[in-house]
Participant: 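Sharing a structure here in structure tokens format.
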Amino acid sequence: MKTEPVIFEYSRPGRRAPSHAPAEAAGPGDLPAAVLRTDPPALPEVSELQAVRHFTRLSQLNFSIDTHFYPLGSCTMKYNPRACNRLAMLPGFLGRHPLGAVERGQGFLACMHELQEMLKAVTGMPGVSLTPMAGAQGELAGVAMIRAYHRARGDGARRVVIVPDAAHGTNPATAVMCGFEVREIPTDPSGDVDLEALRSAVGPDTAGIMLTNPSTLGVFERRIGEIAAIVHGVGGLLYYDGANLNAILGRALPAAMGFDVVHINLHKTFSTPHGGGGPGAGVVAVTQRLEPFLPVPMVTCEAGRYRWLTGRERPQSIGRLSAFMGNAGILLRAYVYMRMLGGEGMRRVSGFATLNANYLMAKLRESGFEIAFPGRRASHEFIVSLKGLSRETGVTAMDFAKALLDHGYHAPTTYFPLLVPECLLIEPTETESREELDGFVAALVAIRDLARRDPAQVKAAPLTTPVRRLDDVRAARDLDLTWQSKRPATGGA
Amino acid sequence: MKTEPVIFEYSRPGRRAPSHAPAEAAGPGDLPAAVLRTDPPALPEVSELQAVRHFTRLSQLNFSIDTHFYPLGSCTMKYNPRACNRLAMLPGFLGRHPLGAVERGQGFLACMHELQEMLKAVTGMPGVSLTPMAGAQGELAGVAMIRAYHRARGDGARRVVIVPDAAHGTNPATAVMCGFEVREIPTDPSGDVDLEALRSAVGPDTAGIMLTNPSTLGVFERRIGEIAAIVHGVGGLLYYDGANLNAILGRALPAAMGFDVVHINLHKTFSTPHGGGGPGAGVVAVTQRLEPFLPVPMVTCEAGRYRWLTGRERPQSIGRLSAFMGNAGILLRAYVYMRMLGGEGMRRVSGFATLNANYLMAKLRESGFEIAFPGRRASHEFIVSLKGLSRETGVTAMDFAKALLDHGYHAPTTYFPLLVPECLLIEPTETESREELDGFVAALVAIRDLARRDPAQVKAAPLTTPVRRLDDVRAARDLDLTWQSKRPATGGA
Amino acid sequence: MPFIPHTEDDVSAMLTVIGVASIDDLFDEIPAGLNVAGLPRVGPGLSEAEIARLMTERADGDGRELCFAGAGAYDHYIPAAVWEIATRGEYYSAYTPYQAEASQGTLQLIYEFQSMMAGLTGLDVANASLYDGATAFAEACLMAVRANRASRSRRVLTTRAMSPAYRDVARSILGGQGVELVELPLTDGLTALDAFGAEDGDFAALAIQQPNFLGRLEAVDQLTDWAQARKMLVIGVCHPTMLALLKPPGAWGQAGADIACGEGQPLGIPLSSGGPYFGYLTCRLPLVRQMPGRVVGRTVDLDGRPGFTLTLQAREQHIRRSRATSNICTNQGLMVTAATIYMSLLGAEGLRRVAAQCHANTRALVTALTGLPGVVLAFRPFCHEAVLQFDCPVAPLLEGLSRQGILGGYDLSEDYPELGQALLVCATEMRSAADIERYAVVLKGLMTAPLRAQGG
Amino acid sequence: MPFIPHTEDDVSAMLTVIGVASIDDLFDEIPAGLNVAGLPRVGPGLSEAEIARLMTERADGDGRELCFAGAGAYDHYIPAAVWEIATRGEYYSAYTPYQAEASQGTLQLIYEFQSMMAGLTGLDVANASLYDGATAFAEACLMAVRANRASRSRRVLTTRAMSPAYRDVARSILGGQGVELVELPLTDGLTALDAFGAEDGDFAALAIQQPNFLGRLEAVDQLTDWAQARKMLVIGVCHPTMLALLKPPGAWGQAGADIACGEGQPLGIPLSSGGPYFGYLTCRLPLVRQMPGRVVGRTVDLDGRPGFTLTLQAREQHIRRSRATSNICTNQGLMVTAATIYMSLLGAEGLRRVAAQCHANTRALVTALTGLPGVVLAFRPFCHEAVLQFDCPVAPLLEGLSRQGILGGYDLSEDYPELGQALLVCATEMRSAADIERYAVVLKGLMTAPLRAQGG
Ligand SMILES: Cc1ncc(COP(=O)(O)O)c(C=O)c1O
Ligand SMILES: Cc1ncc(COP(=O)(O)O)c(C=O)c1O
């Protein structure tokens, strides 16, 4: 197994790689001594080769789309086309200061404007802001707009946001950040929202509901029309968590379902990189009544000239959400991807994502796995429940996840959504081939067979990864969050 | 251990990734059917993700400078600065057609001209051609110039090129390609050329001698002045194989040593990438008497305007050696590197390359290893002989090489130069740290101790690489040089 | 089909396994009325060559201005190795490292990043990034309100010298939870405490920026002691490169600031029209459980060997849901990768040289521009940015400069009308003496030419 | 120090171990008179930022012409994935795969490359590359001379339609071994056999280019049969992209050509002022031991699992020294990496579309330009390049086009004076209808403007 020392272990006092810094050190000039630092910060002192070698080796310790099938449910780990990266990193784009003249940014702004227009087409909504920097910030923008809308109408009593129990954690967390109370409603046995519970949850205090459709259970909420009627009926608004838009791209429009606001994770549906945790982009789109509240800035086009609309021109806006205009480079990547797909290509995305999920579900069902919602179509993802197997063998969903790593597959999402016990949320995406799916089924079957034969072996997995299972309890108890040079070097030689 | 299927195993008839090709297939137009192909060529049909994943995974099976210490003697595996790559790949450079107007290539040509000037400074020679595409082609150019020189003087009897037994294989091979006979001369016990043998080898048939200094034995040829006098004395010329220039950069000039022509491997001394086998650049520099014979083209500057000198302007030239002007992009990388180093930096290169080699040699000697030329200074490389150890334990230099892989170090060059039995030719280069060298010594010591304790274990190495030792005999006997779809898929899953 | 690997044979075999006749049938749970036939408004797809040409033309048209603007985004040199490595597929196309055994590369890198940021700011712990400097500031304010046990105030004191954009963003975000931002006034470009009285009440924290938005160096020791004496936590918002030169927040005053945060862009992230950048946040160890965002810890595996894993996840939305410290999920991971490589390549000495050179260059710029009649320096000393005051409106000058390819700075007249016709300028280590000379010459031309004649 | 990791402590500790006082002492075996103190003429080192700025300015100044030239180097689209992967450190910074166990990535890739080139050319085996198309041609001639057991001739027959550059290079290289190149004449742009008589003697091989340098399609079947009937080996020099459309050398005539070679640049390699490109070479299996260059074979390891290794090394200089098939050692490995990725991304169908589009675009170009008075097409049909004849000198037209950012083609008047004022043009799949229109409009302007008036 491979380990790699912590970079500080390569450090030696006095090692310099100054080809990256000015050769001559300027003095502190007229800066008063009182504000100066006395000791240099604890940064590693390594050569360029040591840094390159270290970070190249570290990278090899990762699973990634570029190296492994990565069916992480709710994350849409599809291929990130390299063209998107290269074209977004053209020097003209990278070198532009955010406060640079708009005359010298017309190319960039044209892309942003066209992106806004494509997003309108994809959602069916008339208003778009590109500013939010991730899904959760899109949620924040959306719920803040709902709040601003009610306030603008003098409707101050609406302090509750309804959230199904299947919702992603960011939904309730966002509602609270926006000053709302969260009211959770259950899911019915078929995977749809429990309508009775919804009816009794709504009322004059309802600010709105946050839904994703298809839900994180991997099924399409069939009674979305009714839900919209119920919520709108009491004066609430509908928030669409568009993290799962990959499932319905070009098939159904959030606006037509009755939603008032939607965020889209461009880093999922529109294939910008996940980057080991980010960055993303969580653009928001709204129906007409929420348009005045959109976060600034956004791009407008007047007589062929593009420019930013600012807060002054949008007095009802919920304001700014980033120091400049959001994750411009990520937006460029999504723009390139969307232009390469075109409308037909987008429809094919949802078609093949759904084909892959349903095929995988059918094969797993055929192989004897328990499907959480067997009577339903899978959307772009679906849930396998290992409850029975776990009871029988003691092997848990987490054990399965770890054992899959030894088979060269990244694990599906485990233990989310929480309401399905011992669940694996599996999202293959459209960019994986049938052979890859078949191989994954074979691995799951092999692990199950092993679980029945020798559960301890499964519980010992993974064995082929750079480390074996980690002691999470110790990690949280004996906090070791930064490198301390005094500590003995345990990171390897 | 990791294996990766051959890309053809991912192929399925009808799989298309056409975002890279024109969307609509144009017909064959007016091309006569007789010249058209009837079956499509056997190329793999894979998706973009499959290709990216496959070649990313394959890459991870390699050792490389960016991942491992790589002390391959005579190869100068030093850090390849990433800046060189990025700047040589600027769109303005990459997009330039070789037949494009020189007015639109002044930036590129300026780099080439300054590179020529720097190479003159580094060799002490007044004439340079950048054309040769690798060391061996530089040799071909050099020996062809020697031939042309003698011919131009009406001196047709000189049909022998003298080559020391320590010479790199390209030297004799080149001499033969240029129509010469090779006369090999031995090395004396101290590692220098056997002067007596040289004296008796030269004569009126001597066209010249090919030498590298320091030699591939890792020692500086001290009597180079005498050698030059002997060869020049009989009317022969001296060829300098500059593959080892890293050892004397800024310390000694080939011209001053008496050489008439030199090639330089920019992919060694000037740190352009080796790329898993190439490309390189084998520029040549010559003294005044050989200047008229330099291969075309070369860059000239007239009143601030750069242009190519062509064959018509250089009637005595040995001609062209490439369809255009050689490996322009590699020359750009070397140019960037040389400018970053400057004259002082170049001198530091040879200083620290030599420091590292001598340190490593001293440590290994201390640890009880047999140094091939113990009375000598190491140049930038040196030789360890495992003859004694091999006799004692049966463990060969090749076994050592393989065992080093398991320790995470690339092997030194083995069995070259041939005259030292069971040799390891070790070249650490200046870009490796002392800790890396110490780790390497420790690994060699550990392997030696194991060889004494349990030679079979060493002979079983490597165990941690993607494959174990390969059956070379079978490879050469049952030739399998291309993928045949009929063959059973043995390459993995 | 772009990016879709299926052959026609695959499709029919797969449909057979599923037991439907066509892909469209798989969408039969979508109620009839909600179905759409396609996305005609999106237009047809382009080949990679076509979009490459379009983007190249657009990027070429945009060009790169000679940049003398800072104001939150800085034109520093980025070594080639940074992005050549950061865009390796293994970093670029990995998800958040939830499966630790399959993500040791990303996890260890974040741990190294946390260590470096802690070192730069002189505090104990760091998170794995927030969206940008502005949202990091907002999160720091919320964190301070949660963390301050000595005060139940929902107000945070800051200063008019805090970045106007950061104050705007914080107001957008804090409003939801009813947290209020109050500003101290300025004297001579520096945060002034004189006017503050007991009647101004209780605050959870004081947030100061160093160097401040106007390029001035605040009396951080004094401010810190003052605030901590009043039971406020202290938040330092710092330019990370300048921290190689300046006293780190952890060393401010008697006890050190409690939280530091700021914009990570100067650490190897391209200007790129404003993003993606990343926000950093560090704090003292006792506050760690109130920290927003992801954190990596070092631990051991089953065999006792060291390894890395996400830890303290009980703070996060995916575990704690509505009671999380923040809703943040996706952060700016790849930017952190780049910044970690950047800091490793530069080291403390390299970073210090960059910082010192920025200071020196901005001084040279100020000297060159204040040599022109009608241009004066507002405050001295300054760090890597400076405020110039003009005897004519700034906007037309910036336009004129832009026409000659120069981004002359950031016009302060809207955010700081009290400064008159003022411009915030910055010359990083990237600007040569010739660049500065060019700026001065062009500006001189603009200020003496018809433009000015018309204006005056 | 750039790229050198040693601290001062390291240096003194290391010198102590060695037992010398200074680094300079390590050079004490260099005789006194040969020592130099330094390289003052090279000048001082630049920081990465400084060289980056210089190179960026130079590259920007060079710009990219709208390219209608081919003549051996072709402006094809290169998918982004090609170089993003080829420049990964593991490929970029590895040496020749001599240690097989540590080089399976490169070795397997070369094996895949060999398979693809064999497939494209319809022959059995391929090597791992030669320097470029021209040297591949020279090596193929030498190989044929060695391999032809039926003839002891040291002459190779080629044609005037073979690339002039290739003929030049081959002459530079073949001369050393006394191998002579003889040219067949042309009729209507095609290799003509009529004039060849028995008295012309014996040849080791016939080498033909398809499409030939003038863009014409040779009667390869007939030429192959003719040559093989005379005991010559047949060498086909082919544009690899066009081979997706054209009959492969392995299928020429009754028995197929014996050797194929050519320029690999169209397969994903940037134009880059002429290099690095790569030469490819394939042949029938019985000739493999005469092949120059490196070859990879598949075999098994100690455990019987498949693996890859360099094989047939007894042909090479590092084993066979003066009796090697060639002196080649370093080849163009990284270009082969790129080409292998390129071919995998395009596939047979993608490559065929590129080829067909080049043909279609060149036809459109010819139609547009021959619409101008004074421009006629020399030969028809043509493949992806065509010869146009003008009623005025070509050089000034090319200069005029260049001033407007257009590279109009390759002036043939020096290499083929018999064609008059002739230009070789090419429009790859990268040229749009608008590009072609623009060429025609600018050319028309030049041909009707004062320039022409003066000339006429
Ligand atoms: C269903 C759902 N909603 C919201 C989010 C939050 O998006 P982000 O991580 O971009 O903040 C996610 C992503 O993890 C998600 O899967
Ligand atoms: C001493 C010596 N001479 C010549 C060469 C040949 O150079 P190249 O491989 O660039 O053709 C080499 C490289 O292998 C070498 O080490």
Side-chain angles (χ1 to χ4, degrees), chain A residues 20-22 26 30 35 40-43 51 58-59 61-66 87 90 92 94-95 98 101 107 121 133-134 136 169 172-174 178-179 182 220 274-280 319-320 323-324 327-329 342-343 345 351 359 433-434 465-468 470 475 480-483, chain C residues 5 10 14 23 29 39 41-42 44-45 55 58-59 61-62 64 79 89-90 93-96 101-102 104-106 115 118-120 131 134 165 172 176 270 273-276 297-299 301-302 307 309 311 317-318 321-322 324 327 330-334 344 348 350 353 356-357 360 381 402:
Chain A
H20 306 115
D30 57 0
V35 301
L43 296 180
L58 271 194
S59 77
L61 306 183
N62 273 357
F63 279 42
S64 65
I65 311 174
D66 278 10
L87 298 176
L90 287 169
L94 288 190
M133 292 177 281
T174 299
C178 292
V182 173
F220 191 87
H274 291 261
R320 290 167 79 159
F324 300 105
N327 282 339
Y359 173 75
S433 68
R434 183 183 165 207
T465 46
V467 291
R468 296 185 60 202
L470 293 160
D480 176 356
L481 307 181
T482 59
W483 177 257
Chain C
D10 286 334
M14 292 168 81
I23 289 180
E29 289 192 4
L39 297 168
R41 271 162 65 202
V42 173
M55 295 302 278
R58 286 185 173 172
D62 280 10
R64 281 149 283 169
E90 297 95 322
S93 76
Y95 201 74
T96 302
E101 301 84 355
Q104 287 295 300
T106 292
S115 306
L120 264 186
Y131 303 130
S172 307
S273 286
R298 199 160 72 126
T299 179
D301 76 357
L302 274 180
T309 186
T311 192
Q317 49 72 31
H318 65 284
R321 299 178 73 85
S322 63
N327 71 341
T330 290
N331 60 21
Q332 307 285 117
L334 195 65
S344 302
R353 287 192 193 176
Q357 194 65 48
S402 169

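Proteins get letters first, then strands, A, B, ... in listed order; numbering begins at 1 in each. Given the structure is predicted, the values throughout are model-derived calculations rather than measurements.
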Participant: When heavy-atom pairs shorter than 4.5 Å are enumerated against chain A, which of C:Ser172, C:Ala102, C:Gly333 gives the highest number?
Facilitator: C:Ala102
Participant: Which heavy atom of A:Ser64 sits nearest a heavy atom of C:Glu90, and at what distance?
Facilitator: OG-CA, 3.5 Å
Participant: Sort out for me which residue in A:Thr465, A:Asn62, A:Val467 forms a side chain to side chain contact (heavy atoms under 4.5 Å, CB included) with C:Gln104.
Facilitator: A:Val467
Participant: Under 3.5 Å, side chain of C:Ser93 to main-chain N/O of A:Asp66, donor-acceptor pair present?
Facilitator: yes
Participant: Hey, does C:Gln332 have a side-chain heavy atom less than 4.5 Å from the side chain of A:Asn327?
Facilitator: yes
Participant: Heavy-atom pairs under 4.5 Å with chain C - which of A:Gly276, A:Ser433, A:Gly329, A:Cys178 has more of them than the others?
Facilitator: A:Gly276
Participant: Hey, what do you get for OG1 (C:Thr106) to CZ (A:Phe63), rounding to the nearest 0.5 Å?
Facilitator: 12.5 Å
Participant: For the interface with chain C, which of A:Ala328, A:Gly351, A:Gly179 has the highest count of heavy-atom pairs at distances below 4.5 Å?
Facilitator: A:Ala328
Participant: Judged by atom type as modelled, is there a donor-acceptor pair below 3.5 Å linking the side chain of C:Thr330 to the main-chain atoms of A:Gly278?
Facilitator: no
Participant: Just so I understand: if I count every heavy-atom pair under 4.5 Å between each of C:Pro276, C:Pro270, C:Ser344, C:Ala324 and chain A, which residue has the most?
Facilitator: C:Pro276
Participant: Can you tell me if C:Asn327 uses its side chain to pair, donor with acceptor, with the backbone of A:Ala136 under 3.5 Å?
Facilitator: yes
Participant: Checking the side chain of C:Asp301 only, and the main-chain atoms of A:Arg468 only, is there a donor and an acceptor separated by less than 3.5 Å?
Facilitator: yes
Participant: Shorter than 4.5 Å, heavy atoms on both sides: which option in C:Ser402, C:Ser322, C:Ala94 has the most such pairs with chain A?
Facilitator: C:Ala94
Participant: How many angstroms lie between atom OG1 of A:Thr174 and atom CZ of C:Arg321, to the nearest 0.5 angstrom?
Facilitator: 11.0 Å
Participant: Is C:Asp62 reaching over with its side chain to a backbone N or O of A:Gly107, donor-acceptor style, under 3.5 angstrom?
Facilitator: yes
Participant: Output the distance between atom OG1 (C:Thr299) and atom CG (A:Asp480), rounded to the nearest 0.5 Å.
Facilitator: 8.5 Å
Participant: Can you tell me how far apart CD (C:Glu101) and CG (A:Leu61) are? Round to the nearest 0.5 Å.
Facilitator: 12.5 Å
Participant: Checking the side chain of C:Arg353 only, and the main-chain atoms of A:Pro22 only, is there a donor and an acceptor separated by less than 3.5 Å?
Facilitator: yes
Participant: I'd like to know which of A:Ala134, A:Gly345, A:Gly275 tops the heavy-atom pair count under 4.5 Å against chain C.
Facilitator: A:Gly275
Participant: Does a side-chain heavy-atom distance below 4.5 Å link A:Leu90 with C:Met55?
Facilitator: yes
Participant: So what's closer than 4.5 Å to chain A heavy atoms on C:Leu39: side chain, backbone, both or neither?
Facilitator: both
Participant: Can you say whether C:Pro79 sits under 4.5 Å from chain A via the side chain, the backbone, both, or neither, judging by heavy atoms?
Facilitator: both
Participant: Between CG of A:Leu481 and OG1 of C:Thr311, what distance do you get to the nearest 0.5 Å?
Facilitator: 7.0 Å
Participant: Please rank C:Ala59, C:Gly119, C:Pro44 by heavy-atom pairs under 4.5 Å with chain A and give me the top one.
Facilitator: C:Ala59
Participant: In terms of heavy-atom pairs under 4.5 Å, which option from A:Gly319, A:Pro40, A:Ala101 contacts chain C the most?
Facilitator: A:Ala101
Participant: Quick one: what part of A:Val182 sits under 4.5 Å from any heavy atom of chain C, side chain, backbone, both or neither?
Facilitator: side chain
Participant: Do you know which of C:Asn331, C:Ile23, C:Thr309, C:Leu120 has the most heavy-atom pairs under 4.5 Å to chain A?
Facilitator: C:Asn331
Participant: For A:Phe220 and C:Glu29, which heavy atoms make the closest approach, and how far apart are they?
Facilitator: CD2-O, 3.8 Å
Participant: Under 4.5 Å, counting heavy-atom pairs only, tell me which of A:Gly342, A:Pro98, A:Gly92 racks up the most with chain C.
Facilitator: A:Pro98
Participant: Go through A:Pro172, A:Gly343, A:Gly277, A:Pro41 and name the one with the most non-hydrogen pairs under 4.5 angstrom from chain C.
Facilitator: A:Gly277
Participant: Just so I understand: if I count every heavy-atom pair under 4.5 Å between each of C:Ala134, C:Ser115, C:Gly45 and chain A, which residue has the most?
Facilitator: C:Ser115
